[in-house]
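No hydrogens, no waters, no symmetry mates; every other heavy atom, side chains included, goes into these values. Counting starts at 1 for both ligands and their atoms, following the listed order.
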Amino acid sequence: MQAPSSRAVHLSEWRKNYFVVTSGTCPAAQKAEAYRAQVLRVQYACASSEISPVCASRLFRKYAEKYSAIVDSDNAETGLNNYAESVLTLARCQQADSGQWQSGLSVSSVFQMPSVQAMMRAGEELRGSLLGAADPSAVIPGRAVAPKPPAVSAGAGSGESAPLAKPAHGPGWAPGVPESRPSGPLSAQPPVASNAPKTCPTASAPFGNWATPLFGNVRKETGSTPKASPGLGLFLAQQPLAPPGSDGPWDRSTFDGAGPADALSAPAPSRALRKTEGSGPREEGGLPTFKTAKEQLWVEQQKKHHPAARAAASSSGGGKKCLGASRSRGIFGKFVPPVPKPEGGDANGGVQYKPDSAGPAEPAPPVDERLKSLEPKMIELIMSEIMDQGPPVTWDDIAGVEFAKATIKEIVVWPMLRPDIFTGLRGPPKGILLFGPPGTGKTLIGKCIASQSGATFFSISASSLTSKWVGEGEKMVRALFAVARCQQPAVIFIDEIDSLLSQRADGEHESSRRIKTEFLVQLDGATTSSEDRILVVGATNRPQEIDEAARRRLVKRLYIPLPEASARRQIVTRLMSREQCCLREEELELVVQRSEGFSGADMTQLCREASLGPIRSLQAADIATITADQVPPIAYGDFEKAFRTVRPSVSPTDLELYENWNRTFGCGK
Ligand SMILES: Nc1ncnc2c1ncn2[C@@H]1O[C@H](COP(=O)(O)OP(=O)(O)OP(=O)(O)O)[C@@H](O)[C@H]1O
Ligand SMILES: [Mg+2]
C-alpha cells in the first residue's frame with residue numbers, strides 16, 4: 001500500500017491545527033503548539049516552492065504574531081507566560097542547588113533583578129513589534145536588551161550580537177549561553193522576490209520575531225542550567241530553528257526532505273542530518289541538534305558498523321541490514337532471501353545489497369562487518385541453498401503429529417512473533433532435532449517452519465555440505481551461521497543432519513571431521529548465546545548415529561512417528577479432494593485400515609498409484625483422444641490394486657529402534 005502523499009499529510013495536519021486554534025476549548029499550550037506547527041509548515045512550504053515567498057512572509061507574520069501572543073501572555077487562561085515561568089524556574093532551581101548555600105533569589109525578588117526586568121520589557125516590546133526585522137542568529141540575549149529595527153541585520157558573527165547580548169546577562173543568567181549562532185550567512189534578509197528561490201523566509205523578519213520566545217530555550221541549552229520548566233519552552237529547545245546541522249544559508253536544498261517540517265512527514269535521515277553528523281563537535285559544544293528516534297538510531301547504527309559511511313538509509317530499515325532485505329516477512333509474506341541476488345556483486349565478487357526503492361544515485365549500505373571476513377563466493381553459495389522454492393506449506397498440510405506440531409509452534413513460531421514474552425526461563429530452546437522413520441514429514445515440517453515462522457529461513461542439506469563443497473564445508477558452515485546471525489531471527493534447517501554429525505570414527509575423512517567440529521562450535525555459539533535469535537532445526541531418520549555432543553545441543557528432540565489412522569485418513573482425503581474420486585465413507589475406512597504401518601510418503605505413493613488406476617483401465621487408443629473430464633473417477637478398486645504394489649517402507653524392526661531411541665532421548669510424551 002502506498003504511504004499517504006506528503007501533501008495529504010500536510011493537509012490533514014493543517015486541518016487539525018485549524019481546529020485547535022479555532023476551538024474555544026483547547027488549552028493555550030496546544031494552541032501555541034498548533035501555531036508553531038503552522039510556522040514550520042509555512043517555512044517548509046516556502047522552501048519547497050509550494051507557496052511564494054511573499055505569501056510565506058505574510059503567513060509567517062500572521063502565525064508568529066499569534067504564537068508569540070500566547071507564549072508571552074501572562075494571562076493564566078489564555079497564555080503561557082513563558083518569560084516569567086522561565087525566570088521563576090531558574091530562581092527555584094538555584095535555591096535547591098545546594099544545601100549549604102542559599103541563593104538570595106526568591107520567587108519575588110527575582111522580578112527585581114534588572115536583567116529580568118529587561119527581559120520582560122523585551123517581551124512586552126516584542127509583542128508590539130512583531131513586524132520588525134530580527135536575526136534568528138542573535139537568539140535571545142541581544143533581543144532582551146533591544147529589539148532591532150527591521151532594516152538592521154543582527155549580523156550574526158559580525159560582532160554585533162555579542163555586545164548586545166552582554167548587558168542582558170544578569171546574575172541569574174547561566175554561563176555558557178550561546179550568544180549567537182555560529183558565524184555564517186544566517187543573517188536576516190527580507191524575503192524579496194529576487195532572491196526568494198534561494199532564501200527561506202525563516203531568516204526574514206517575521207521569523208526573527210517568532211524566534212523570540214526561544215528565550216527559555218537558550219537557557220535550557222546551557223549545561224549549567226538546572227532542570228528547566230516543562231512545557232513548550234523545553235519542546236522548542238529541542239526543535240532547532242534551522243535544520244539540524246545547517247550552518248549555511250537556509251537555501252532550499254537545506255530543506256529538501258528535512259528540517260522542522262519533518263515533524264509532519266515520515267522521519268527520514270536527511271541531508272541535513274548527515275551534515276549534523278559530520279559536524280559532531282557542534283552537537284557537543286554548541287546548540288544541540290534535534291534528531292528523531294529513528295534518525296538517532298540510524299546514526300548509531302552507522303557509527304557502530306561503518307563510522308565513515310554516509311549511505312542513506314533505505315526502506316529496508318535504517319542501515320542495520322546489509323545483506324538481504326526485510327528481515328521479518330510476516331507470516332504469509334513472500335520469502336526474502338537473506339543475501340542479495342548475484343547482480344548485486346561488486347567487481348571483487350563482493351555482495352552489495354541493493355534496496356528496491358533506491359535510485360541509482362543512492363549509495364548502497366556496505367556489507368555487514370560480520371560478513372567481511374567471509375568469502376563472497378560462500379555467501380552466494382548459501383544463497384543458492386536457501387529454501388525459497390515451492391508453494392508455502394501450512395500446519396494443516398501436515399497430517400497427524402499433533403504433539404510435534406504444537407511443540408514446534410511453541411518453540412519456533414510464537415517466540416519469533418513475541419520475543420518479548422518468551423524471555424528468561426520461557427526462552428525457547430535453540431536447537432531442535434526432528435527424528436523418525438523416513439517419509440513421515442520431517443522435511444515437510446521444515447518447509448512449514450519456513451513458511452510460518454516469519455524468520456529468515458536457511459535450509460541446507462548436510463550431505464551437500466560434505467559432498468558438494470569438498471574441502472570447503474567448514475567454511476560454509478561458518479558462513480552459514482554468520483549470515484544467519486546478520487538476519488535474525490533466523491532458522492537454520494539441516495536435513496539429514498546425521499551425515500554431518502555422525503559419531504566420530506577412526507576411519508573418518510579429515511574434511512568431514514573438520515566440518516563436524518566447526519558445526520559443533522557454531523551450534524554451541526548459536527544455542528548458548530542469549531542474544532542470538534537463531535534456531536537450528538535438524539532432521540534425521542538415523543538419530544542413533546548422531547554424535548552425543550551434537551545430541552546434547554539439540555535439546556528438543558521430537559519424534560515424528562508413522563501416521564496414525566486419523567492422519568492417514570487425512571492424507572487420503574486431502575489428496576483425493578483434488579481429484580475425481582468416488583470413494584465412499586466405508587471404503588475410505590477400509591483404505592485407512594489396510595494402510596497400517598504406512599508412512600506419510602507411503603500414503604502419498606498409494607494415492608498416486610490409485611489415481612493411475614482409471615487411466616490404466618482405458619484402451620491405449622482412448623488415452624490419445626479422451627478429454628480430461630471423461631477420465632473415470634478413482635474408485636476403491638483402484639486402491640485395492642494399488643495396495644498390491646505399494647508396501648510400507650518402514651519395517652517393524654526399524655520402527656522398534658525409533659521407539660527405543662525416542663524412549664531414551666526423545667522429548668515427546
Ligand atoms: N504427516 C504428513 N502429512 C502429509 N503428508 C506427508 C506427511 N508425511 C509425509 N508426507 C508426504 O510424504 C512426502 C515426504 O515427506 P518428507 O520428505 O517430509 O519426509 P521425511 O520425514 O523428511 O523423510 P526422510 O527421513 O526420508 O527425509 C511429503 O512430501 C508428503 O507428500
Ligand atoms: Mg527429509
Heavy-atom proximity to atom 22 (O) of ligand 1, picking from Thr443, Thr604, Asp396, points to Thr443
- Query: Would you say Gln544 has more than 12 foreign heavy atoms packed within less than 6.0 Å of its CD?
  - Reply: yes
Tightest non-hydrogen contact, residues Ala550 and Leu501, listed as CB-CD1, 3.4 Å
Asn541 heavy atoms within 4.0 Å reach ligand 1 at atoms 24 (P), 25 (O), 26 (O)
- Query: Would you say Gln593 has more than 12 foreign heavy atoms packed within less than 6.0 Å of its CD?
  - Reply: yes
shortest atom 10 (N) of ligand 1-to-protein heavy-atom contact is with Gly600 C, 3.6 Å
Atom 14 (C) of ligand 1 has as its nearest protein heavy atom Ala601 CB, 4.1 Å
Closest to atom 23 (O) of ligand 1 among protein heavy atoms sits Gly439 N, 2.8 Å
Surrounding CZ of Arg426 (heavy atoms of other residues, nucleotides or ligands, distance under 6.0 Å), is the total greater than 12? no
Looking only at heavy atoms, the pair that brings Leu618 and Pro632 closest together is CD2-CD, 4.4 Å
Check: Ser499/Glu496 side-chain N/O donor and acceptor closer than 3.5 Å: no
query = Does a donor on one side chain sit under 3.5 Å from an acceptor on the other, for Asp629 and Thr627?
reply = yes
Under the salt bridge (charged side-chain N to carboxylate O under 4.0 Å, His left out) criterion, do Lys475 and Glu518 qualify, and how do the steps go? CA-CA 8 Å; Lys475 283 190 201 166; Glu518 180 63 44; over 6 Å; no
Closest heavy-atom approach to atom 29 (O) of ligand 1 among Ile560, Asp602, Leu444, Ile445 is made by Leu444
When distances are taken from atom 25 (O) of ligand 1, the protein heavy atom at minimum range is Lys442 NZ, 2.8 Å
Logged contact type for Asp397 with ligand 1, heavy-atom cut-off 4.0 Å, is backbone
* Determine whether Phe598 and Pro563 make a side-chain contact, defined as any pair of heavy atoms from C-beta on separated by less than 4.5 Å. => no
Any heavy atom of Thr440 under 4.0 Å from ligand 1? The part involved is both
Less than 4.5 Å apart, side chain to side chain, heavy atoms only: is that true for Ser649 and Ser599?
yes
A student comparing Cys448, Gly441, Pro438, Ser599 should find that the heavy atom closest to atom 26 (O) of ligand 1 comes from Pro438
min-distance protein heavy atom vs atom 1 (N) of ligand 1 -> Ala399 O, 2.9 Å
Exam field: side chain Lys556 to backbone Gly431, donor-acceptor pair closer than 3.5 Å: no
Answer with yes or no whether Ile398 contacts ligand 1, where contact means a heavy atom under 4.0 Å from a ligand atom. yes
If you count every protein N, O or S atom closer than 2.8 Å to the Mg ion (ligand 2), you should arrive at 1
Where do Phe481 and Phe519 land on the ring pair (Phe, Tyr, Trp, His ring centres under 6.0 Å) test, with the steps shown first? CA-CA 9 Å; Phe481 277 85; Phe519 193 84; 5.7 Å; yes
Q | Heteroatom proximity flag, Ile571 to ligand 1, N/O under 3.5 Å | A | no
